[in-house]
Amino acid sequence: MTPQKTPQTMKPATAAKKLGVYLEATPAEFREGVVSRDELNALQADPPEWLRDLRRNGPHPRQVVAAKLGVSISGLARGGITDPLTTEQIDAVKADNPEWLQRERATQAEVRKEAARLKNQK
């Protein structure tokens, strides 16, 4: 006899992070339940309209905002951005290109350059 497999589940916060969306912007039924591994795979393979809209327009979580701006999450905090931003707000920050963004992008470029140098050294 083989024991029945119980489906692997995760908290909505974990699923939202894996999907790259801001949890507070997701529908209530998503936030209030648990998400199975199969449900997560289905959401990734064929995202519903609410998920496509969140990924396209936001609000985006910090890790997505940081990636879109080309800085680290710590760089966002140093730049004074602590709240989720929409795609429109991210585009406005890029267009303004404030001094902190230039500095953080330069720092990020140096970090990547050093990581590549160390990788090549091995």
Side-chain angles (χ1 to χ4, degrees):
M1 288 178 40
T2 59
Q4 276 191 335
K5 282 189 169 183
T6 57
Q8 227 181 359
T9 60
M10 62 192 81
K11 294 178 182 175
T14 304
K17 189 172 185 178
K18 290 180 181 286
L19 292 169
V21 296
Y22 182 55
L23 178 63
E24 301 305 315
T26 60
E29 59 269 9
F30 180 85
R31 288 191 310 265
E32 294 166 0
V34 292
V35 181
S36 72
R37 176 69 62 186
D38 291 338
E39 290 170 334
L40 179 69
N41 290 340
L43 287 170
Q44 289 173 325
D46 185 24
E49 186 58 38
W50 65 264
L51 182 55
R52 285 194 301 268
D53 187 51
L54 277 178
R55 286 177 169 169
R56 184 175 39 254
N57 301 319
H60 302 288
R62 285 183 309 187
Q63 69 267 19
V64 173
V65 174
K68 287 179 179 267
L69 291 174
V71 299
S72 66
I73 293 174
S74 300
L76 280 181
R78 285 190 293 269
I81 296 180
T82 56
D83 294 329
L85 298 179
T86 63
T87 301
E88 188 176 301
Q89 291 168 319
I90 293 169
D91 291 342
V93 171
K94 284 181 181 177
D96 289 347
N97 200 18
E99 189 269 327
W100 71 264
L101 181 59
Q102 296 171 33
R103 185 176 61 248
E104 291 300 333
R105 282 180 169 170
T107 300
Q108 195 71 3
E110 284 298 316
V111 168
R112 287 187 186 116
K113 184 177 167 184
E114 180 65 9
R117 185 188 70 79
L118 291 174
K119 184 178 178 183
N120 288 335
Q121 213 173 35
K122 287 184 179 182

**Student:** If you round to the nearest 0.5 Å, how far is NZ of K11 from NZ of K17?
**Tutor:**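 Nearest 0.5 Å value for the NZ-NZ distance: 13.0 Å.
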**Student:** Tell me which one of V71, V64, V65 satisfies side chain to side chain contact (heavy atoms under 4.5 Å, CB included) with K68.
**Tutor:**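 Of the listed residues V71, V64, V65, the side chain to side chain contact (heavy atoms under 4.5 Å, CB included) partner of K68 is V64.
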**Student:** Does W50 share a hydrophobic cluster with L23, counting links as ILVMFWY side-chain heavy atoms below 4.5 Å and allowing steps through other members?
**Tutor:**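 Per the 4.5 Å side-chain linkage, W50 and L23 are co-clustered.
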**Student:** Between T86 and H60, what is the shortest heavy-atom contact and its length?
**Tutor:**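 Heavy atoms of T86 and H60 come nearest at C-CD2, 3.9 Å.
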**Student:** Inspect the contact between R56 and E49 and indicate whether a charged nitrogen and a carboxylate oxygen are less than 4.0 angstrom apart.
**Tutor:**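 Yes, this pair counts.
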**Student:** Between CZ of R62 and CG of D83, what distance do you get to the nearest 0.5 Å?
**Tutor:**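 Separation between the atoms: 10.0 Å.
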**Student:** Could you tell me the separation between the CG atom of L101 and the CD atom of Q108, rounded to the nearest 0.5 Å?
**Tutor:**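 Interatomic distance, L101 CG to Q108 CD, rounded to 0.5 Å: 11.0 Å.
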**Student:** Is there side-chain contact between Q44 and L19, with heavy atoms separated by less than 4.5 Å?
**Tutor:**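 With C-beta onward as the side chain, the pair touches.
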**Student:** Measure the CG-CG distance between L43 and D38 for me, rounded to the nearest 0.5 Å.
**Tutor:**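 These two atoms lie 11.0 Å from each other.
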**Student:** From E110 CD over to K113 NZ, what is the distance, rounded to the nearest 0.5 angstrom?
**Tutor:**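 Going from CD on E110 over to NZ on K113, the span is 5.0 Å.
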**Student:** When you compare the side chain of R52 with that of R55, does any pair of heavy atoms fall below 4.5 Å?
**Tutor:**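 Of all side-chain heavy-atom pairs linking R52 with R55, none is under 4.5 Å.
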**Student:** Can you give me the closest heavy-atom contact between Q89 and P84, atom names plus distance?
**Tutor:**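 Smallest interatomic distance, heavy atoms only, reads OE1-O, 4.2 Å.
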**Student:** May I ask you to decide if S72's main-chain N or O and E104's side chain share a donor-acceptor pair within less than 3.5 Å?
**Tutor:**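 No; zero donor-acceptor contacts below 3.5 Å.
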**Student:** Please report the closest heavy-atom contact between K18 and L40, naming both atoms and the distance.
**Tutor:**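 Of all heavy-atom pairs spanning K18 and L40, the closest is CD-CD2, 3.6 Å.
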**Student:** Can you tell me how far apart CG (D46) and CG (N41) are? Round to the nearest 0.5 Å.
**Tutor:**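 With rounding to 0.5 Å, CG (D46) is 12.5 Å from CG (N41).
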**Student:** Taking all non-hydrogen atoms of both residues into account, name the closest pair between G33 and P12 and its distance.
**Tutor:**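 For G33 versus P12, the nearest heavy atoms are O-CG, 2.9 Å.
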**Student:** Taking G79's backbone N and O only, do any of them form a donor-acceptor pair with R103's side chain (distance below 3.5 Å, no angle check)?
**Tutor:**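 Side chain of R103 to backbone of G79, a donor-acceptor pair under 3.5 Å: no, none is there.
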**Student:** Is any side-chain heavy atom of N57 less than 4.5 Å from a side-chain heavy atom of E88?
**Tutor:**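 Not in contact.
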**Student:** Is there side-chain contact between Y22 and L54, with at least one heavy-atom pair below 4.5 Å?
**Tutor:**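 Contact flag for Y22/L54 side chains = no.
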**Student:** Are V21 and M10 connected, step by step, through hydrophobic side chains (Ile, Leu, Val, Met, Phe, Trp, Tyr) whose heavy atoms are closer than 4.5 Å?
**Tutor:**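 Yes: a chain of side-chain contacts under 4.5 Å links V21 to M10.
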